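One structure is given here, and the rest of the page talks about it.
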Protein chains: 2
Amino acid sequence: MKETALCPRLSKAMELIGKRWTALIIYQLLEGPQRFNAIESALPISGRLLSERLKELEKEQIVERKVYSEVPVRVEYTLTDKGRSLEGAVREIETWAQNWT
Amino acid sequence: MKETALCPRLSKAMELIGKRWTALIIYQLLEGPQRFNAIESALPISGRLLSERLKELEKEQIVERKVYSEVPVRVEYTLTDKGRSLEGAVREIETWAQNWT
DNA sequence: TACAGTTAGTTATTTAAAGTAACTATAACT
DNA sequence: AGTTATAGTTACTTTAAATAACTAACTGTA
């Protein structure tokens, strides 16, 4: 993506959390750690995209991936501090949506 | 887009303001009314997409379009009350970005 | 031994959105 | 007649998202 002279920080943040499904995944993880299937069931997202998004969020250190070698394998996704710190922004958007839509 | 059972309101809001460029356009308009060219210059967005986004935002009553029949024509875009009410959310994201990126 | 079930994905293909560049209408100015 | 300016539009290419089918690893059952 091109850079904006306007506000590179906002731009970068929007590129990340404005990406489709990202905010909803974070919203879902605010409930607590979740397994891959749980997130997939909570949202109308496919495994393909969920996998892609979780990788991006992991790379940005917004979520943490924990693998439990059970059978079948269990993988849990948890918000990091950085991830949890997005709660305010997500709640603001939620509140706005309640008041204006 | 499919509906999410999770939080249709957040989902709807993110579909709108999470759309590429939308948050940055609103951020820019928080400075005050702006002409088409001014927004286009402030962001690395093309006329094609800016036009498309502004139409969407006008339809959602987040921005208002005013035409002044001067030569050449002047078109100004202003945030409505609904649009200005997004300031809190945008600032939250900006603050998060400052603290965590 | 062979087959179904479970989780957490991946691969392949189609469809939608975004990026890029060139073009248009209108009117003044040279 | 040709140039400049604003606010777009049109045509085309590239990237991202949606959809569906498939895979690996292991268990439990017939």
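Every value quoted in this text rests on a predicted model; they were computed, and no experiment measured them. The basis for the numbers below is simple: all heavy atoms, side chains too, and nothing from hydrogens, waters or symmetry mates. Proteins come first, then strands; the chains are lettered A, B, ... in the order of their sequence lines, and each starts at number 1.
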Subject >> Rounded interatomic separation in angstrom, taking CD from A:Glu56 and P from C:dG9 >> reply: 14 Å
Subject >> Length of the CZ-C1' vector between B:Arg48 and C:dT24, whole Å >> reply: 17 Å
**OP:** Measure from the side-chain heavy atoms of A:Arg65 and tell me the nearest of C:dA27, C:dA8, D:dG8.
**Re:** C:dA8
Original post:
Is it the case that A:Glu94 and A:Tyr27 place a side-chain donor and acceptor less than 3.5 Å from each other?
Top reply: yes
**OP:** Identify the residue among B:Arg65, B:Lys66, B:Glu64, B:Glu58 that makes a side-chain hydrogen bond (donor to acceptor under 3.5 Å, both in side chains) with B:Tyr77.
**Re:** B:Arg65
**OP:** Looking at every strand, decide which applies to B:Tyr68 at a 4.0 Å heavy-atom threshold: base, sugar-phosphate, or nothing.
**Re:** nothing
Original post:
Between B:Ser46 and C:dA18, is there a side-chain N or O to OP1/OP2 distance below 4.0 Å?
Top reply: no
Subject >> Rounded distance (Å) that lies between atom P of C:dA18 and atom CD of A:Glu15 >> reply: 13 Å
Original post:
Quick one: do A:Glu56 and A:Arg53 make a salt bridge, cutoff under 4.0 Å?
Top reply: yes
Original post:
Can you check salt bridge (charged side-chain N to carboxylate O under 4.0 Å, His left out) on A:Glu15 and A:Lys19, steps first, answer last?
Top reply: CA-CA 6 Å; A:Glu15 230 182 299; A:Lys19 210 157 190 175; over 6 Å; no
Original post:
Would one find a side-chain N or O of B:Lys55 under 4.0 angstrom from OP1 or OP2 of D:dT9?
Top reply: yes
Subject >> N/O (side chain, A:Trp21) to phosphate O (OP1/OP2, D:dA18) under 4.0 Å >> reply: yes
Original post:
Can you tell me how far P of C:dT15 sits from CZ of A:Arg20, to the nearest Å?
Top reply: 17 Å
Subject >> Nearest-nucleotide pick for A:Glu52, side chain only, options being D:dA17, D:dG8, C:dG9 >> reply: D:dA17
Original post:
Does A:Val73 or A:Leu49 map to a spot on DNA chain C nearer the 5' end, using the closest nucleotide for each?
Top reply: A:Val73
**OP:** Provide, to the nearest angstrom, the distance between the CD atom belonging to A:Glu76 and the P atom belonging to C:dT7.
**Re:** 14 Å
**OP:** Identify whether any heavy atom of A:Glu70 sits under 4.0 Å from a base atom; if not, whether one sits that close to sugar-phosphate; answer base, sugar-phosphate or nothing.
**Re:** nothing
**OP:** Answer with base, sugar-phosphate or nothing: what part of the nucleic acid does B:Glu40 contact at a heavy-atom distance below 4.0 Å?
**Re:** nothing
Original post:
Is there a donor-acceptor contact under 3.5 Å linking the side chains of A:Gln28 and A:Gln34?
Top reply: yes
Subject >> Value in whole Å for how far the C1' atom of C:dT6 lies from CZ of A:Arg35 >> reply: 10 Å
Original post:
In terms of the nearest nucleotide of DNA chain D, which residue is placed more toward the 5' end: B:Gly47 or B:Pro72?
Top reply: B:Pro72
Original post:
Nearest-Å distance, CD1 (B:Ile45) to P (D:dT9)?
Top reply: 13 Å
**OP:** Take atom CZ of A:Arg53 and atom C1' of C:dT10, then tell me their distance rounded to the nearest Å.
**Re:** 16 Å
**OP:** Just compare D:dT27, C:dA8, D:dA17 and give me whichever is closest to any side-chain atom of A:Lys19.
**Re:** D:dA17
